[in-house]
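To start, the structure under review is shown below, and the notes come after it.
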2 protein chains.
Amino acid sequence: MAAQPRAAANRRRHPPRTRLSADERERLIARGAVSFFCEVGFGGQTRELAKRLGITQPLLYRYFPNKEALIDRVYREVYLNRWDPRWEELLDNHARPARERIVAFYRDYAKAVLSYEWIRIFMFSGLRGMNLNSRYLTLVRDRIYTRVLRELRREHGMPSPAEVPLSEMEFELVWALHASIFYIGIRKWIYGLEIPENVDEVVQNLATSFLDGVPAVMQRALPPPARATKRRVPPSG
Amino acid sequence: MAAQPRAAANRRRHPPRTRLSADERERLIARGAVSFFCEVGFGGQTRELAKRLGITQPLLYRYFPNKEALIDRVYREVYLNRWDPRWEELLDNHARPARERIVAFYRDYAKAVLSYEWIRIFMFSGLRGMNLNSRYLTLVRDRIYTRVLRELRREHGMPSPAEVPLSEMEFELVWALHASIFYIGIRKWIYGLEIPENVDEVVQNLATSFLDGVPAVMQRALPPPARATKRRVPPSG
DNA sequence: GATGCGGGTTATCGACCGATAGATAGGCGC
DNA sequence: GCGCCTATCTATCGGTCGATAACCCGCATC
């Protein structure tokens, strides 16, 4: 702080500029942007973000052409690499009982999805009108819900999806389980409510309760002709 | 400016100003603010809001001291008068079977809550860090969840909440039903996904499936001494 | 030890946005 | 039909924010 011969050092308002490689700096900015925007929303100011990163605001524009590009990067950072391809294998593995597989999957899925960043970014991007959410959820529907329902059908001796296509109502039932898990995150990181410590146990109970309660509704929801497919029936009368 | 006989009329950029009573104008602004902010979020600009209302932006400031006051008004407009006191009566009415009451309640609750405005304002206010959400949800927990669980306990011959307090896990199970209903709205009005037309039927199935699946989990979750009340068993073997 | 590449900074622009001041005009009371 | 009250408008201010321009300087290179 004392008067130094090097006047330039005193004029400088910024702490000693740390000089990083371009790659490293870009990663730092990207990571910082994720935690910044998922906290304050995409309306957050670039100046504030720069401050948190310990750099000046124009430096952001050396690495990203504009704010929108930075936001895009945040999306990529959060949405990509969150999908575990082993989930599908897990659900397909007929060596384990269906019930056990489904519970195991949801416990693992919950662990991946129930995070501050994911929940909030997901919500912000939805409210912003991006279609990222719908794209992602279509993936979940095609890759997961179909499998869960297929296994449930088989488990309870109902016709396979090939025989009787999965109904909208059946998808709604799986949506409900998905919702009840995701909502735990919403309660904690959007509403700021307390949630139980043993989330894993809660998820397990939710999945169990789902598996107990859903089959009856599924059976009721099967279209009348389909319910009779156990005795082979020709497609058309 | 051009020297015309009726210069004033030509200089006017606005359509013929409609002059309303203060009360009426304020209501108009409040209603417009609700639909505006729930669409674009609270970051929406007062100029844009004024445009939609067909008035000039400074007029807003005649009725509301600042933007924040306008937003507060939006909250009041949306949060208040959405609670139907008959819900509690409905759940307490022992003349009807518990199952029927609970299903009826959720069908009605869903009808009240699954609206564009409610879902989005609720989300926006949560992300903004207001504690309105937690206050509201604490109300729901105290007034609704406790009743639902109480009736479920009674229905299945479990000890009353007075005998064995409601556990966190039991509340989680009711949360799950709440979540699965609320999430229908999130899917539609935040993610922009298609949802079934017959929401009422879906809600009915969700509630039914809940009532089918939950009791077993509840019974398992009861603390050991309580579970043992049927066959008296000493605590330690 | 001059040179220049490139990461980092300061200074600033222009648009936007909340808010205010003061002019304007619709319509009621007399 | 005159005057006043007040709802509404025009004009504008001051701060904010994304973005750009131009300069700074540590270090590798020769």
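Within the 3.5 Å criterion, the main-chain N or O of A:Tyr116 finds no donor-acceptor partner in the side chain of A:Lys188.
Ion pairing between a basic and an acidic side chain is recognised when a charged N comes within 4.0 Å of a carboxylate O; A:Arg147 and A:Glu151 show no such pairing.
With no hydrogens or angles considered, a side-chain donor-acceptor pair links B:Glu88 and B:Trp83 at under 3.5 Å.
Aromatic rings of A:Trp118 and A:Tyr136 (six-membered ring for Trp) have centroids within the 6.0 Å cut-off, being under it.
The interatomic distance linking A:Leu53 (CG) with C:dG8 (P) rounds to 11 Å, in whole Å. At whole-Å resolution of the value, NZ in A:Lys67 and C1' in C:dA15 are 14 Å apart. Summarising the geometry, the separation between CG on A:Asp23 and C1' on C:dG6 is reported as 14 Å, rounded to the nearest angstrom. Note: CD (A:Gln57) to C1' (D:dA21) measures 13 Å, nearest angstrom. For the pair B:Phe64 CZ and C:dT20 P, the interatomic distance rounds to 15 Å; values are reported in whole Å. Across the protein-nucleic acid pair, B:Asn66 atom CG and C:dT20 atom C1' stand 13 Å apart, rounded to whole Å. The CD atom of B:Glu48 sits 12 Å away from the P atom of C:dC16 (whole-angstrom rounding). Rounding to whole angstrom units, NZ of residue A:Lys51 and P of C:dT9 are separated by 15 Å.
OP1 or OP2 of D:dG18 sits under 4.0 Å from a side-chain N or O of A:Thr46.
B:Tyr183 and A:His178 have tilted rings, their planes meeting at an angle from 30° to 60° on a 0 to 90° scale. Classification of the A:Tyr145-A:Phe171 ring pair by plane angle, with boundaries at 30° and 60°, yields tilted.
The side-chain contact (heavy atoms from CB on, under 4.5 Å) check on B:Arg62 picks up B:Leu59, with sequence neighbours excluded.
Residue A:Arg47 has its side chain nearest to D:dA19 when only D:dC9, D:dA19, D:dT20 are considered. Distances from the side chain of A:Tyr61 to the nucleotides D:dT10, C:dG18, D:dT20 place D:dT20 closest.
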Find every protein N or O atom lying less than 3.5 Å from an N or O atom of nucleotides 3-7 of chain D, and list the pairs.
from  : atom 1 : to      : atom 2 : distance (Å)
D:dT6 : O2     : B:Arg19 : NH2    : 3.0
D:dA7 : OP2    : B:Arg62 : NE     : 3.0
D:dA7 : OP2    : B:Arg62 : NH2    : 2.8
D:dA7 : O3'    : B:Leu20 : O      : 3.3

